[in-house]
2 protein chains.
Amino acid sequence: MTDVVTPPTSPVSRERSKEIKRSSVISAARSARVLSRAELTELTGLSPATLTPLVRDLIAEGYLIERGPGASRAGRPRAILEFNPRAELVAAVALEPARISCEIADSDGAVIAHRTVRRTGDIVDLICTAVPELAGDGLPALRGVAIAAPGVSTGGAVRLAPSVGLVEARPVGESVQRRLGVPVVVDNDVNLMAAGEHAAGAGTDVADLLLLHVADGIGAGLVLDGQVRRGSGGAAGEVGFLPLDPADRGHDGIGPFEARWSAGAIAERVVALAPGRRPAAPVRALVELAATDERAGAYLAEVLTAWARLIVSCACVIDPGRVLLSGAAADLDDAAVDRLQTLVSAGAPSPTEVRRAVLGDQAVLHGAVSYALSAAASGLSTLLPAP
Amino acid sequence: MTDVVTPPTSPVSRERSKEIKRSSVISAARSARVLSRAELTELTGLSPATLTPLVRDLIAEGYLIERGPGASRAGRPRAILEFNPRAELVAAVALEPARISCEIADSDGAVIAHRTVRRTGDIVDLICTAVPELAGDGLPALRGVAIAAPGVSTGGAVRLAPSVGLVEARPVGESVQRRLGVPVVVDNDVNLMAAGEHAAGAGTDVADLLLLHVADGIGAGLVLDGQVRRGSGGAAGEVGFLPLDPADRGHDGIGPFEARWSAGAIAERVVALAPGRRPAAPVRALVELAATDERAGAYLAEVLTAWARLIVSCACVIDPGRVLLSGAAADLDDAAVDRLQTLVSAGAPSPTEVRRAVLGDQAVLHGAVSYALSAAASGLSTLLPAP
DNA sequence: ATAGTTCGTTCGCCGTAGGAAGGAAGTGTG
DNA sequence: CACACTTCCTTCCTACGGCGAACGAACTAT
């Protein structure tokens, strides 16, 4: 301890390549859950000699837990290593008009803590106090925060953002990132759902998908080549604006298509068909009505035809291969989904599979987990310092 | 020199990081064209000591040429290094119904040799003899081959491929790759054009763009986040199939939109408006006619409206930010492009800039260059589109 | 000339990756 | 029960690449 003025040995690509090995081991362990060092050498291609100290570090940091020897089928048994999902926590914050909901999840997407708070004061303050409180002593393991805002996106399509009092999304993300010191992602809720279904739902087996979310408006989340694509202005997936019928007209930030075929628009027709309370789940109500009421059946067919044209349009432009129905569209029964599939197959230039999304309300959470984990990992995307 | 039995030292991440440095130097040199070692240290972040041997190698391999000392403004003058585009050659092969055209270009996209040959015998044989012949003694510098086929793409949308006698694109690419020993990419010509405009045309300044190519059919090439995206079945950009008007009907692999608004369809109307020979450039003819003929003006307005709806549809789905008009659509004059821009701005949910593509016939070639260079750079694996 | 400045190179240290070899912990077999 | 045999993991050691530092090279300014 004479002269600690020495930080020579520049930290360039040397440390980076170590980081890369580290994260490749972590991600192998994350997907295998339980494995031995021997399996790690196969999965990562690293030599045993390289792995030994690396695994030692990871155990010390809590990423891996040594579980003692496993069964052996001749020879020394493999020491079982178990991945500890709690080693990586993620916060998902959903902005809603009057409140924010905040969840802490581990890297399996299992919710560890959950809270909803009224919107008071500054959003950034609110988030920056709620998240650490909720994370408690797990805070050091926090790897990222994902903030979901309805219809956010830079540039166009802020139509829903005003409802949560957000004009610019970016400053919020940057502020939180600075205050909490972890990567923060702010994105459209529909994009997060798409990421969630891709990571842990009905799209784990494909690289491309489109999630069609029908609610008060209609929006789509787009995964291409394994990544959520937002387009140049963040308005990718604004399919409610598709001009599929010259007769339709949008207004005030409502697109022409969604003006007529969103859950809200359908609800009005359902009320007309079956007077009474406005149904909370209009599509489910419509499907039930259609079983007995001929006029409802005809209208359901109209809805399916319109949605099919929407899906075909998307297929023509980006050919997602798989389309997931979310929100009100997930309320269709099997028969209706089949009819939709038939209509889509007739019009799409390439095979396009239509099915329901499976994560429901959990989709945003899983998307947040996936974002946050890849954000933490991508810190080392470039081996070399930027130009 | 006793026992030179030692080639162990496994080629894992050690050599990779060297490769990365190498290619980062090459790409810096490629974009700067002329630079000194001192500039390389700034551009790449590598230390001078690391660069010295690396640059020596590159000079020996012909990538760089030392041009002697440059001007100095105090101190030792920088030794000028010039990037040698001839060090990296690329072959672009275009499949047409009756012939194939083959070009050798350097990494600037400058054509070094060109030949058109009649289609005789096996395509693979033809390519594998024509390319080496044309490359001549530059063959060792060949970094890749790009094969452009109209409407290829695996899965759906093989509508134009039969015209060149190709049912499956992949085997051709794989065979050529095996025979020539360099990376081979087979792709849709429109995708190649989009890549070309992105690399060297009207899209060098953006990460996302959509190239709308109007010919006998209508197709689009899609660049998102700097990469050409083909979709799950390779049918991304089949915008001719968009169902934008319930009245339109496609037939026999012709989409509903392109049946009515392609160059061929427009040509028929132009003939009706101004009897005579069927014009080779119907859109140009229409624009000229519209200056004097009122009916032609009305029809031009119709065409612009239809194309605008097409562009808006694409903007809603993927928000490319910039749309390039190619093929017959590039024949619009400035006034017509402005009108199109206005129509698009009125309907798109996000700012979308419409302009003409600039590379014309050279677009495919530049796309091929860009593909082949990135193929050589990323060294790894399947550059063939689609599973 | 001499000093000053900037470029490029050689030298040598250091850290890391991974090969080789050896210890550890089991299962089968005489 | 001893003794191979197999497989897993670790320790030792070497080769190699990156880069800091010092040095030589080339030119300007005074």
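This one's a predicted model, so the numbers in the text were calculated from it and none came from an experiment. Throughout, a chain's letter reflects where its sequence line sits, starting with A, and its residues are numbered from 1.
Rounded to whole Å, the distance from CD1 on A:Ile80 to C1' on C:dG26 is 14 Å. The interatomic distance linking A:Glu42 (CD) with D:dC9 (C1') rounds to 14 Å, in whole Å. Residue A:Leu46 contributes atom CG, which lies 15 Å from atom P of C:dT16 at whole-angstrom precision. When rounded to the nearest whole Å, the span between CD of A:Glu66 and P of D:dT10 equals 7 Å. Atom CD in B:Glu39 sits about 15 Å away from atom P in C:dT6, given to the nearest Å. Remark: C1' of D:dC9 and CG of A:Leu54 are 15 Å apart, rounded to the nearest angstrom. As a whole-Å value, the separation of A:Leu51 CG from D:dT10 P is 9 Å. Straight-line distance from the CG atom of A:Leu35 to the C1' atom of D:dC8: 14 Å, rounded to whole Å.
There is a side-chain donor-acceptor pair under 3.5 Å between A:Asp187 and A:Tyr371.
Residue-level contact check: A:Pro77 touches the backbone only, with heavy atoms under 4.0 Å from sugar-phosphate atoms and none from bases. Counting non-hydrogen atoms under 4.0 angstrom, A:Ala49 reaches a base of the nucleic acid.
Between D:dC9, D:dC27, C:dG18, one nucleotide has an atom nearer to the side chain of A:Thr52 than all others, and that is D:dC9. When the nucleotides C:dC7, D:dG20, D:dT11 are ranked by their closest atom to the side chain of B:Arg78, C:dC7 comes out on top.
In this structure, B:Ser36 OG and B:Leu81 CG are separated by 7.0 Å, a value rounded to the nearest 0.5 Å.
A close approach under 4.0 Å does not occur between any side-chain nitrogen or oxygen of B:Thr50 and OP1 or OP2 of D:dG18. Applying the 4.0 Å criterion to OP1 and OP2 of C:dT10, one finds that B:Arg56 has a side-chain N or O inside that range. Put simply, B:Arg37 has no side-chain N or O that comes within less than 4.0 Å of OP1 or OP2 on C:dT6.
The residue among A:Ala38 and B:Gly70 whose nearest nucleotide of DNA chain D lies closer to the 5′ end is A:Ala38. When the nearest nucleotides of DNA chain D are assigned to A:Arg76 and A:Pro48 by heavy-atom distance, the more 5′-ward of the two goes with A:Arg76.
Among all heavy-atom pairs drawn from A:Asp106 and A:Asp108, the shortest one is OD1-N, 2.8 Å. Looking at every heavy atom in both residues, A:Glu66 comes nearest to A:Ala79 through OE2-CB, 3.5 Å.
At most 12 non-hydrogen atoms from other residues, nucleotides or ligands lie less than 6.0 angstrom from CZ of A:Arg86.
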